[in-house]
Each structure stands twice: as C-alpha cells, then as structure tokens.
Amino acid sequence: MSDTTDGTASAEDVAGGSMTTVMLLGSGERSRELTLAFQRFGAEVIAVDEYPGAPAHTVADRAVVLTLTDAAALTTLIEDERPDIVVADTGAVAADALIAVAERGEVDVVPTPRSARLALDGEGLRRLAADELGLPTAPFWFAGSVEELDAIAAHAGFPLVVKPVAAAPGEGQSVLLRPEDVEPAWERAVAGGRLSMHRVMAESLVDVDVEVTLMTVRTIGPAGPAVSFCEPIGHQELDGHTVEAWQPQQLSASALDAAKSIAARIVNSLGGRGVFAVELLVRGDEVYFADVRPRPHDTGLVTLRSQRLSEFELHARAILGLPVDTIMISPGAVEVNYRTPEDADEIGPARQRQVLAEALVVAESDVRLFNGSDQSSGRAWCSLASATAPDVIVARDRVRRIAATLRNLS
C-alpha cells in the first residue's frame with residue numbers, strides 16, 4: 001500500500017496499483033454488507049469471527065475463526081496477516097489488542113483506539129460527551145451495586161431508564177416505574193451487557209418527540225478532516241425485537257443545526273474516519289446526545305433504499321480515503337425484525353414464495369430474509385422490509401404493510 005500521511009489507502013492503491021487488504025473483525029450480516037462494499041473497490045477482505053460459516057465468511061476472500069476477545073490470539077493474527085487496515089465491526093473485541101497494534105503504527109486501525117475503548121465504556125463515553133464536551137444529555141448516574149441504584153432511584157425519581165454500560169442497543173435495558181423495579185432492573189442489566197462489568201447507567205426518561213440517528217461521515221483528505229451528514233433518520237422500537245426507521249425525519253432548522261453541531265463535536269473528538277451513528281433525542285428545538293456507534297447501525301439500513309450510497313458504501317469509502325456523498329434520492333422506511341429463539345423455520349418453499357409475492361405487491365417495496373446463520377454479538381436479523389415513496393408518511397405505511405405480511409413466514 002502506498003504511504004499516505006493519514007494512514008488511508010491512496011486512490012492509486014484502490015484503483016489498481018496494489019490490492020488493499022482489509023481485516024474485518026466481526027462477520028455477521030452487517031459485516032457481510034461491508035465486505036461487499038470493500039470488495040467493490042478491489043480490496044481483499046479477511047473476515048474474522050468466533051464461529052465458522054458466519055455470513056461475511058461466505059463472501060470474504062478469506063475467513064478466519066478466532067475468539068475476538070482473546071487479545072493474544074488477535075494480536076498474533078494481525079501480526080501474521082499484516083493487513084493494511086483492521087476494521088472492527090463489533091464492539092465485542094479485544095480493545096487493548098487493537099490499541100497496541102494502532103500505537104505501533106504498522107497497521108491502520110478503524111475505529112481509533114479512543115473510539116474502540118469508549119465503545120466498551122458507556123460511562124467514559126457519556127462523561128466525555130457531558131463533562132468534557134459539554135453536550136446536552138438527559139440527567140444520568142452510574143451505579144455499581146443494587147444498593148447504589150436504589151439510592152439513585154430514590155434521588156432521581158421515576159420513570160428511570162437502566163441499562164448496562166456496555167451493550168447493544170436495547171440489550172439488558174429496563175424502565176423503572178416504582179421502587180420494586182430496581183432489583184429486577186439491576187439483574188437484567190448486569191446479565192444483559194456485552195461484558196459483565198457489574199456497572200449500570202441510570203438515566204431520567206426525557207419526554208421527547210422523536211429519537212433520531214444522524215449518520216455522520218468523517219473523512220480525511222488533503223485539506224484535513226471533514227464531516228458530512230446524512231438526512232436525519234427517525235426510529236422507534238415497536239416491540240422487543242422490531243425496529244422501524246425512516247428517512248428523512250423532519251426537524252426544525254434550530255434542531256437540525258443543534259443535531260449537526262452535537263454530532264460533529266463528538267465525532268471529531270473520537271477521531272478517525274468512517275460512518276458514525278450518532279443517537280439523539282429531540283424535543284421541539286431541543287436536542288440531547290444519547291449515544292454514538294463508530295460503525296454502521298441498524299437504523300441506517302434505510303439508506304440501502306433512500307440514499308445513492310448506503311451506510312456500508314459510505315463507511316468503506318471513508319475508510320479507504322475515497323470521496324463520499326450523502327445524497328438522499330428518495331424518502332424511505334425500513335422495518336427490521338430480529339430473530340428470536342421462538343422463530344420457526346417450518347414453512348415450506350412454496351408458502352414462502354407466496355408470502356414474498358404478497359409482500360412485494362406493495363409499491364416500491366423490497367424484502368430481505370436471513371437464514372439465521374448470524375451468531376455474532378447483538379441481535380441477529382430475521383427479515384428486512386423496506387419501501388420508498390414520494391413522502392416519508394407513505395413510505396412508513398408501505399413498510400408496515402410489507403412487514404405485516406412477512407410475519408406470516410413464522
């Protein structure tokens with residue numbers, strides 16, 4: 001790979017001088033999309049995960065089975081393979097190993113060590129946002145025992161949201177409505193986090209109009225770092241295992257300016273390049289920071305239909321040092337249904353085709369089904385319903401009709 005001052009692959013590398021090797025840590029369905037995006041630009045992808053036959057393994061140039069939280073094994077793999085770029089597409093990875101590799105400067109690591117560390121430290125991320133950067137947030141506290149959580153609840157009052165300090169969105173989360181909810185919420189949070197830290201965050205439940213993901217793309221070019229924004233994505237969790245998202249979510253001019261300011265400040269503080277999913281709470285003109293993920297996000301799946309470049313293509317381009325654009329080509333909506341242990345796979349192929357035909361009768365519709373091979377951290381996709389329309393209201397109505405039909409598959 002040609003040397004560049006910022007560690008990105010040069011345009012000559014990608015265009016055909018030499019093949020850029022990308023080691024992708026995490027090989028679920030999301031990583032499969034990212035693998036394909038890298039390969040379209042001529043990159044060789046080594047997909048790594050803890051189980052054989054992972055979705056990204058089926059399309060990558062090479063597949064490796066390795067425990068991603070094993071720092072010694074991960075370090076040895078990187079040293080043996082010597083990829084140009086290591087991309088962590090999961091938070092469940094040995095952050096210390098990535099930090100050590102990045103600090104040696106021999107391999108380009110995405111996200112940055114700072115982002116990798118904070119991806120597993122919700123407390124550190126929230127303190128960075130609120131205390132160091134001064135971003136507006138809902139009132140929050142941290143507890144290391146059920147007694148501390150009980151004291152916080154007595155002080156803060158109800159309702160109160162409790163979640164692990166390191167978890168996938170929604171994982172191990174509870175809403176406390178009364179004192180007797182405290183102990184079950186503590187048990188749920190410490191059991192449900194990505195890592196067993198026995199530490200939770202409690203947050204006042206803010207009355208908001210909408211939850212928004214602002215997909216923020218950070219690039220590094222000849223003129224230095226730059227950020228660009230996709231149109232805001234509204235989203236909501238419909239039940240324990242379904243998420244609806246739509247783009248664009250209309251915000252007031254003041255709220256949109258505040259959202260972009262918050263996103264730019266947190267992303268520039270984390271540094272590096274790629275797509276950052278910045279989670280925001282919006283009430284009128286008021287905007288509160290909630291979270292940030294330094295990688296594509298499930299709510300961003302709407303960009304597969306709504307934008308010229310999806311979140312996966314944007315992530316790959318930014319990492320490889322290629323130009324990006326965040327043009328939205330149509331209002332769109334998606335409904336992501338996650339696989340649960342109760343999901344049945346007994347339906348025959350004829351019935352499956354019939355259900356798909358009924359779903360795809362909806363105008364401007366699309367459907368993706370997943371075979372359950374994704375065993376990566378976080379929730380595995382079961383189906384994805386998507387639609388576009390002249391306006392977002394019609395798109396949301398269409399996708400709900402598609403998703404309702406797809407439920408006949410189980």
Side-chain angles (χ1 to χ4, degrees), residues 68-69 88 90-96 114-208 211 213 235-237 239-241 243 262 266 269-270 277-281 288-295 297-299 338 340 376-379:
L68 294 174
T69 53
T90 174
V93 64
D96 290 343
R114 180 178 178 87
S115 294
R117 185 183 293 112
L118 291 175
L120 294 176
D121 181 10
E123 182 169 355
L125 178 62
R126 182 54 67 94
R127 295 198 186 282
L128 166 66
D131 300 340
E132 294 184 36
L133 300 179
L135 303 182
T137 68
F140 64 91
W141 302 264
F142 293 95
S145 67
V146 67
E147 291 78 18
E148 288 181 11
L149 183 58
D150 192 53
I152 289 169
H155 166 74
F158 301 97
L160 200 63
V161 178
V162 173
K163 51 191 173 184
V165 295
E171 186 181 18
Q173 182 171 304
S174 301
V175 177
L176 279 64
L177 300 176
R178 58 190 70 83
E180 51 266 34
D181 294 337
V182 171
E183 187 168 353
W186 166 264
E187 296 296 337
R188 177 180 174 84
V190 296
R194 183 180 296 124
L195 298 175
S196 182
M197 292 185 175
H198 275 75
R199 193 159 179 81
V200 305
M201 181 172 79
E203 187 176 49
S204 291
L205 192 63
V206 178
D207 183 21
V208 300
E211 298 180 28
T213 302
H235 58 87
Q236 62 180 348
E237 187 149 323
D239 52 43
H241 59 279
V243 166
I262 290 170
I266 190 69
S269 177
L270 294 174
V278 182
E279 301 292 309
L280 304 165
L281 307 175
Y288 302 91
F289 170 80
D291 201 358
V292 59
R293 308 277 168 170
R295 59 185 62 90
H297 190 269
D298 285 5
T299 55
Y338 298 97
T340 67
S376 58
S377 61
R379 297 181 290 183

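Checked against side-chain contact (heavy atoms from CB on, under 4.5 Å), Leu133 has the following partners two or more places apart in sequence or in another chain: Leu128, Leu135, Ile266, Ser269. Listed by chain and residue number, nothing satisfies the side chain to side chain donor-acceptor pair (under 3.5 Å) test with Ser204 (two or more places apart in sequence, or in another chain). With sequence neighbours excluded, the residues that form a side chain to side chain donor-acceptor pair (under 3.5 Å) with Glu123 are Arg127, Arg199. Residues satisfying the side-chain contact (heavy atoms from CB on, under 4.5 Å) criterion with Pro159, sequence neighbours excluded, are Val175, Leu177, Leu205. Checked against side-chain contact (heavy atoms from CB on, under 4.5 Å), Pro136 has the following partners two or more places apart in sequence or in another chain: Ile262, Tyr288. The ring-ring contact (aromatic ring centres under 6.0 Å, His included) test applied to Phe142 returns Phe140, not counting sequence neighbours. Listed by chain and residue number, His235, Glu279, Thr299 satisfy the side chain to side chain donor-acceptor pair (under 3.5 Å) test with Thr213 (two or more places apart in sequence, or in another chain). For Ala151, there are no side-chain contact (heavy atoms from CB on, under 4.5 Å) partners two or more places apart in sequence or in a different chain.
Taken from CG in Leu125 to CD in Glu132, the straight-line distance is 10.5 Å, to the nearest 0.5 Å. Distance CD/Glu187 to OG/Ser174: 11.0 Å, rounded to 0.5 Å. Note that CE of Met201 and CD1 of Ile152 are 11.0 Å apart. Values are rounded to the nearest 0.5 Å.
Taking 4.5 Å as the limit, some side-chain heavy atom of Val162 sits within range of a side-chain heavy atom of Leu176. At least one side-chain heavy atom of Phe158 sits less than 4.5 Å from a side-chain heavy atom of Pro179.
Nearest approach of Leu160 to Ala156, heavy atoms of both residues: CD1-CB, 4.1 Å. Nearest heavy-atom pair across Ala92 and Leu68 is O-CB, 3.6 Å. When every heavy atom of Val243 is checked against every heavy atom of Glu237, the shortest pair comes out as CG2-OE1, 4.0 Å. Residues Gly172 and Pro164 approach most closely at O-CD, 3.6 Å, considering heavy atoms.
For the salt bridge (Lys or Arg N to Asp or Glu O under 4.0 Å) condition, the pairs that include at least one residue of residues 153-164, sequence neighbours left out, are Lys163-Glu203. Applying the salt bridge (Lys or Arg N to Asp or Glu O under 4.0 Å) test to pairs two or more places apart or on separate chains, none has a residue in residues 139-156.
Classification of Glu183 and Arg178 as a salt-bridged pair fails, no side-chain N sitting under 4.0 Å from a carboxylate O.
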_Pair Leu280, Glu211 - check side-chain contact (heavy atoms from CB on, under 4.5 Å), show working._
CA-CA 6 Å; Leu280 304 165; Glu211 298 180 28; over 6 Å; no

_Working for side-chain contact (heavy atoms from CB on, under 4.5 Å), residues Thr69 and Val93_ = CA-CA 5 Å; Thr69 53; Val93 64; 5.9 Å; no

*Evaluation steps, side-chain contact (heavy atoms from CB on, under 4.5 Å), between Thr137 and Arg126*: CA-CA 9 Å; Thr137 68; Arg126 182 54 67 94; 4.0 Å; yes

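Side chain of Arg188 to main chain of Gln173: a donor-acceptor pair is present (N/O by atom type, distance under 3.5 Å, no hydrogens or angles).
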